[in-house]
Amino acid sequence: MRSIAFAGCAGWIYEGHSRRGVVLCPPLGLEELCGRRTLHLLAQSLSAAGLPTLRFDYRGEGDSLGDANDAGCAARWREDVSAAIETLKQATGVSEIALVGMRFGSLIAVEIAAGRHDIARLAMIAPVAAGKTYLRETRILSRMIQTEGPQDDHAPDDLGLAGFTLSDETCEAIAAMSIERLESRPAPAVLLVEQAASRSGPKISAHFEKLGARVERREFPNYETMMCDPALSLPAEEILPGLTQWLAAEAVVTPRAVRAIVANVLGGDGWSEEGVLFGALPLAGVYCRPAAETPRRIVVFAGPGNNHHLGWGRSHVELARALAKAGVASLRFDYAGVGDSGGAQTDIYAAERTADIEAALDWAHGRDSAPLAIVAVCSGAYHALRIGAKDARIDRLVLLNQQRYELDLHHRLSWLAYTLQARLVFAIESEDRPSLKTKILAATLAVLPKVRRIGSLANRALRKLKGGGATADAGPNQPERQFRAISARGAQALIVHSPTDPAVAEIERFLGPGGQRASALAGVRKIVLHDADHLLSSRSARRIYESELIAFLS
């Protein structure tokens, strides 16, 4: 695959040698964080079957230009799909197009397909039949997970979910969208891949058949394991073989692939970006640098969980571009098996994640000659602290809401509880009535706090046996030694946490009250971000964090 930039959009082209090309229309916001890995694997599968494929981000979403609060978003998204189709034709020489839309992307894909004559096939993954339905589902989920800050700065009528917002204007435009308003078939052949108990599928199928399309419906097994908390999301690999076979059916193969030269650099106010591949797998990322100067420092973003490189609420995209304007370059990348990277997904605290960050640092060090820094969140901070303590190339380290300094039974049980809770919330949201699996999740979650308490007591007993009654506060412990190593070589570390985050207890457990055994060291500082949640869903909290980082890194 190769990176591409067109009409303000960023994306990737996956090569092929068929006269039929495929354009993938992604979902929005939180659902895009969950669905990206599946769309990447689908694009790889289609490429292997000979179909050139373009996967891209709408403007205001992903790695593209703009902001979701900009005026006219819905109209721009339609323009972006049309531009993607023309770009794929020019870059690969295809003459007919298959469109694939996931969730809200399926609604946009249908609208564009109905107005064109070169769409041979249309596949809709977990389809949305009407904008009002999509907005209702999003509002329900927003109330269930409640991530927005108490004093967030978006308008009262805006819809916020996990740091992503849809303005009131955009919501009005989405509400006006409906498949039932179409008066011509979107494509001769349509495939619906539907989650269990979907109410949209029968309506879509009946309407398209009435318009003269051949409609096939297939089940989407285990939808809730993909569309859940992005830290836990797993790709929907079960649906890929059938989708690939259907999209490739009757496609005409050309003697050789057409590979035109395409732009791959996206530019904005004081910054430029390009998609990059590095390492043996390879790992994929986006390198952002100052537009007109040599960077004074290069940051590697180490994200949380299985979230891909955008960051929660596009936070890493926003930070990278603000830092570039201040003279600091950055690489935001996907861990192995996450987002656009190769390889298999590992446990979020596994040593392989440390190796991925080290590979990113090696690439950045070879790209531009400048000191290195790591900006890390949650589980990413766990790995970053270990690297920062031993890698002399790193002169700045930012650790946001690091919930684990060492791993033990209590932490593993806490992670299990979080996993069950998150899966339960999304399972309930995705079902008309609770299934047996959902009821089992709920029952397990009810008894888990007692098991966690037992794990905590067991850990205390083990520490007493090993240390003659000493606790982590008696020190020196491994995290304290790591901060001492950073301070001793003249590097600097910034510990950042939200006031009620679980990171607070972890800091005090290993570094003393208020983290004083670390913050007392030369070059180590700790700050608290008030009115912020764990991943800084609030835009106002992200702006404060951004200002602190610019001052610290530039």
Side-chain angles (χ1 to χ4, degrees), residues 1-5 10 12-13 63 261-268 270-303 308-311 316-317 319-343 346 351-377 380-381 383-398 485-486 489-493 549-550 552-554:
M1 68 187 204
R2 52 181 170 138
S3 64
I4 186 171
W12 295 88
I13 284 184
D63 293 310
I261 297 174
V262 294
N264 70 337
V265 177
L266 198 65
W271 57 266
S272 66
E273 289 184 346
E274 61 181 300
V276 298
L277 299 171
F278 58 94
L281 292 174
L283 300 177
V286 176
Y287 187 58
C288 181
R289 70 188 312 278
E293 61 178 300
T294 301
R296 66 190 68 171
R297 181 172 284 107
I298 306 173
V299 167
V300 168
F301 287 102
H308 66 74
H309 64 272
L310 296 185
H316 287 172
V317 178
L319 282 171
R321 294 170 181 177
L323 287 170
K325 291 175 67 174
V328 177
S330 63
L331 173 65
R332 53 187 191 270
F333 78 101
D334 297 328
Y335 299 115
V338 175
D340 301 323
S341 287
T346 62
E352 289 86 350
R353 292 286 174 98
T354 304
D356 289 344
I357 299 172
E358 289 172 334
L361 289 164
D362 291 342
W363 183 90
H365 183 67
R367 178 61 182 258
D368 280 308
S369 180
L372 298 178
I374 307 178
V375 172
V377 185
H383 301 286
L385 179 57
R386 280 152 175 74
I387 297 170
K390 65 181 182 180
D391 192 333
R393 298 175 300 177
I394 298 168
D395 75 339
R396 297 287 190 279
L397 188 65
V398 179
I486 292 167
R489 71 164 190 269
Q492 297 182 33
L549 258 60
I550 289 173
F552 181 67
L553 296 168
S554 63

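- For Glu352, there are no salt bridge (Lys or Arg N to Asp or Glu O under 4.0 Å) partners, not counting sequence neighbours.
- In this structure, Ile374 and Ala384 approach most closely via the heavy-atom pair CG2-CB, 3.7 Å.
- Contact record, Leu277 with Met1: CD1-O, 3.5 Å, taken as the closest heavy-atom pair.
- Between the side chains of His309 and Asp63, a donor-acceptor pair is found at a separation under 3.5 Å.
- Put simply, CD1 on Ile387 and CG on Leu372 are 11.0 Å apart, with the number rounded to the nearest 0.5 Å.
- Shown here are the side chain to side chain donor-acceptor pair (under 3.5 Å) partners of His383, two or more places apart in sequence or in another chain: Thr354.
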Check your understanding: For Phe333 and Trp363, what are the C-alpha separation, side-chain angles and deciding distance, and is it a ring-ring contact (aromatic ring centres under 6.0 Å, His included)?
Key -> CA-CA 11 Å; Phe333 78 101; Trp363 183 90; over 10 Å; no
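- Going from atom CG of Leu310 over to atom CZ of Arg332 covers 7.0 Å, rounded to the nearest 0.5 Å.
- The structure places CG of Leu361 at 5.5 Å from CZ of Arg393, a figure rounded to the nearest 0.5 Å.
- Taking the side chain as every heavy atom from C-beta outward, Asp395 and Gln492 never approach each other to under 4.5 Å.
- In terms of heavy atoms, Gly285 sits closest to Trp12 at O-CZ2, 4.1 Å.
- Taking the side chain to side chain donor-acceptor pair (under 3.5 Å) definition, one finds that Ser554 meets it with nothing, sequence neighbours left out.
- Atoms CD1 and CZ, on Ile13 and Arg2 in that order, are 5.0 Å from each other to the nearest 0.5 Å.
- Between Trp271 and Leu266 the shortest heavy-atom distance is CZ3-O, 3.5 Å.
- Atom CG of Leu331 sits about 5.0 Å away from atom CZ of Phe278, to the nearest 0.5 Å.
- Proximity of a side-chain donor or acceptor of Arg396 to a complementary backbone N or O of Phe552 within less than 3.5 Å is detected.
- Under the 6.0 Å distance and 45° angle rule, Arg353 counts as a cation-pi partner of Tyr335.
- Of the possible polar contacts, none joining the Asn264 side chain to the Ser3 backbone as a donor-acceptor pair under 3.5 Å is found.
- Panel note: side chain Ser341, backbone Ala284; a donor-acceptor pair is recorded below 3.5 Å.
- The two residues Asp356 and Ala336 have their closest heavy-atom pair at OD2-N, 3.0 Å.
- Note: Arg289 CZ to Thr294 OG1 = 6.5 Å, rounded to the nearest 0.5 Å.
- Exactly one residue among Leu385, Ile394, Asp391 makes a side-chain contact (heavy atoms from CB on, under 4.5 Å) with Ile486. That residue is Leu385.
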Exercise for review: Evaluate side-chain contact (heavy atoms from CB on, under 4.5 Å) for Leu319 paired with Val299, printing each intermediate quantity in order.
Suggested key: CA-CA 10 Å; Leu319 282 171; Val299 167; over 6 Å; no
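- Taking both residues in full, the closest heavy atoms of Ala370 and Pro295 are given as CB-O, 3.6 Å, listed atom of the first, atom of the second, then distance.
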